[in-house]
Number of protein chains: 2
Amino acid sequence: MISKDLSRKESIQRIGSNLFRKHGYTTTSMQDIASEIGIKPASLYNHIKSKHEILVHLLMQGANLFVDGMQEIKSSSLRSIEKLERLIGLHVHLSVEHTDLMALMMVEWRHLENPEREQYAALRENYEANFRNILVQAMQEGDIREIDTEIALFSILTTLQRFYSWYDKHSDLNSLDLEKHLIQCLLGGIRV
Amino acid sequence: MISKDLSRKESIQRIGSNLFRKHGYTTTSMQDIASEIGIKPASLYNHIKSKHEILVHLLMQGANLFVDGMQEIKSSSLRSIEKLERLIGLHVHLSVEHTDLMALMMVEWRHLENPEREQYAALRENYEANFRNILVQAMQEGDIREIDTEIALFSILTTLQRFYSWYDKHSDLNSLDLEKHLIQCLLGGIRV
DNA sequence: GCATAAAACTAACGATCATTAGTTAGACTT
DNA sequence: AAGTCTAACTAATGATCGTTAGTTTTATGC
């Protein structure tokens, strides 16, 4: 039965993303995942091909969330400085809604092997390049002070990429307030 | 002979830190470390007690670098804003001189078990608390704009903590220039 | 050169783990 | 009720790995 198989497969992936995040990919055993569901490890293979497949699927799913979000913002007709604000909002939103996925994307992608590894790296670099373009353009439009582009990009991206871990300890806070404060902190400083 | 034992032990630790950093703690085998040195895995145990001991030693070593650095800056008679600049310099310096250690401290501490885990966490939290104090004090001294302390602290600390990975791709750049740019980027924005 | 200790080696153990093969129970279709 | 398919189970395999025991080689001090 298709629908039941899908939901079981999805629950394997959801539980996998949570355990991978909490204990790391290699440290998490199929036993761990299975017992969390309440079945035997061998039974997992009725739904998935391998442990590695779970990781690959989760990472690609996460990457696509960023690809889609970037595409929408990039192709909008906003000023570049506003695009930057939207990008911050995207990261906050994804960190809040997909915390486990974000953690995996930062930490566990090293377990990818080619060709997935290169594919993932390409998506990441593409995202970074788009981010850089928007930052540079905001500078050219005069909305941002003249600073070292690479360092500023690194600082902003790193803060956004690790935001999920900070949010973990402050998940009582309002998502919109967080976005506002983050915009003020990351852009307020470099705005002209 | 003591001195030769020490240097072999130290080389195990140095190679361990490099491999742990490149491939992760669990993925790195004693075989990997041994063959990098040119001996058999079992021979490692003439110099160390366990694989885990290597990790613990490296993490504590790294943590102490920060404890010492913080102690010196904290007890100086500088203005708080200058202390912040010194802290940025400390991170740049440690990232450049101990890149592998910095990577381990960010990623592999999760493999610690109690009591080392709590001990490490305590050092980290203590460092963070000192950083927060200096930031708040700089605000009270009027050298920094009124912004959300927690978000600003998170943003600055995260950027500094991950700087090692950025430096990895830009290791041709002058350490002093990097420090200057980072100060401008992290503090220039929030300065009054 | 001889004694001693450090540090290498070989061999093996025990545990864990991802995965496969083969089997059984249960649910839905006809 | 019979037949079919899904998804669970048991059992086993092969591989890896950290570590230990016991032995041999190498280097050092006298």
Side-chain angles (χ1 to χ4, degrees), chain A residues 1-59 104 107-114 116-117, chain B residues 1-59 104 107-114 116-117:
Chain A
M1 191 202 271
I2 301 261
S3 76
K4 193 164 185 194
D5 178 56
L6 270 186
S7 86
R8 174 58 41 116
K9 184 169 188 173
E10 279 170 346
S11 84
I12 290 174
Q13 282 158 353
R14 210 193 57 249
I15 287 174
S17 74
N18 187 249
L19 292 181
F20 290 168
R21 186 265 171 90
K22 282 197 295 193
H23 308 121
Y25 172 70
T26 37
T27 313
T28 301
S29 63
M30 298 304 269
Q31 175 68 249
D32 293 335
I33 299 178
S35 76
E36 188 89 358
I37 301 182
I39 61 178
K40 300 289 173 183
S43 305
L44 293 171
Y45 293 85
N46 284 319
H47 307 281
I48 54 149
K49 240 176 59 198
S50 67
K51 180 187 181 185
H52 199 249
E53 188 205 48
I54 303 178
L55 181 66
V56 172
H57 177 268
L58 290 171
L59 288 177
L104 288 196
V107 178
E108 306 294 351
W109 65 271
R110 54 153 99 225
H111 296 110
L112 288 181
E113 288 152 23
N114 281 334
E116 285 92 357
R117 195 187 179 94
Chain B
M1 189 202 266
I2 300 266
S3 78
K4 193 164 187 195
D5 177 55
L6 270 187
S7 87
R8 173 63 35 120
K9 184 169 187 174
E10 279 170 348
S11 85
I12 291 174
Q13 282 157 353
R14 211 193 57 249
I15 288 175
S17 75
N18 187 249
L19 293 181
F20 289 168
R21 187 265 174 91
K22 281 196 295 195
H23 307 121
Y25 173 69
T26 38
T27 313
T28 301
S29 64
M30 299 303 271
Q31 174 68 251
D32 294 334
I33 298 177
S35 76
E36 189 88 358
I37 301 183
I39 62 178
K40 300 290 173 181
S43 305
L44 294 171
Y45 291 85
N46 284 317
H47 307 280
I48 53 151
K49 240 176 60 198
S50 67
K51 180 187 182 187
H52 198 248
E53 189 205 47
I54 303 177
L55 181 66
V56 171
H57 177 268
L58 290 170
L59 288 177
L104 288 196
V107 178
E108 307 293 353
W109 65 273
R110 53 154 96 229
H111 296 109
L112 289 181
E113 289 152 22
N114 282 334
E116 285 91 359
R117 194 186 179 96

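Side chains are part of it too, since the values below use all heavy atoms of this structure and drop only hydrogens, waters and symmetry mates. To find a chain, count down the sequence lines: A is the first, B the second, and so on, and within it residues start at 1.
Between the C1' atom of dA18(C) and the CZ atom of Phe20(A) lies a distance of 12 Å, rounded to the nearest Å. Separating the NZ atom of Lys49(A) from the C1' atom of dA7(D) is a distance of 20 Å, rounded to the nearest angstrom. The CG atom of Asn46(A) sits 16 Å away from the P atom of dG26(C) (whole-angstrom rounding). In this structure, Tyr45(B) atom OH and dA12(C) atom C1' are separated by 14 Å, rounded to whole Å. As a whole-Å value, the separation of Leu44(A) CG from dC17(C) P is 14 Å. As a whole-Å value, the separation of Arg8(B) CZ from dT26(D) C1' is 13 Å. Rounding to whole angstrom units, CD1 of residue Ile12(A) and P of dT6(D) are separated by 16 Å. In this structure, NZ of Lys9(A) is placed 18 Å from C1' of dA8(D), rounded to the nearest angstrom.
The side chain to side chain donor-acceptor pair (under 3.5 Å) check on Ser29(B) picks up Asp32(B), with sequence neighbours excluded. Every residue meeting the ring pair (Phe, Tyr, Trp, His ring centres under 6.0 Å) condition with His111(A), not counting sequence neighbours, appears here in chain and number order: Tyr25(A).
Shown for residues 23-43 of chain A: residues whose heavy atoms fall under 4.0 angstrom of DNA chain C, namely Thr28(A), Ser29(A), Met30(A), Ala42(A).
Smallest separation of non-hydrogen atoms from Thr26(B) and Lys51(B): O-NZ, 3.7 Å. In terms of heavy atoms, Val107(B) sits closest to Arg110(A) at CG1-NH2, 4.0 Å. Residue Gly24(B) comes nearest to Glu108(B) through the heavy atom pair CA-OE2, 3.2 Å, listed as atom of the first residue, atom of the second, then distance.
Put simply, His52(A) has no side-chain N or O that comes within less than 4.0 Å of OP1 or OP2 on dT19(C). When the side-chain nitrogen and oxygen atoms of His47(B) are compared with OP1 and OP2 of dA8(C), one or more of them lie within a distance under 4.0 Å.
Between Arg8(B) and Ile39(B), some side-chain heavy-atom pair lies under the 4.5 Å cut-off.
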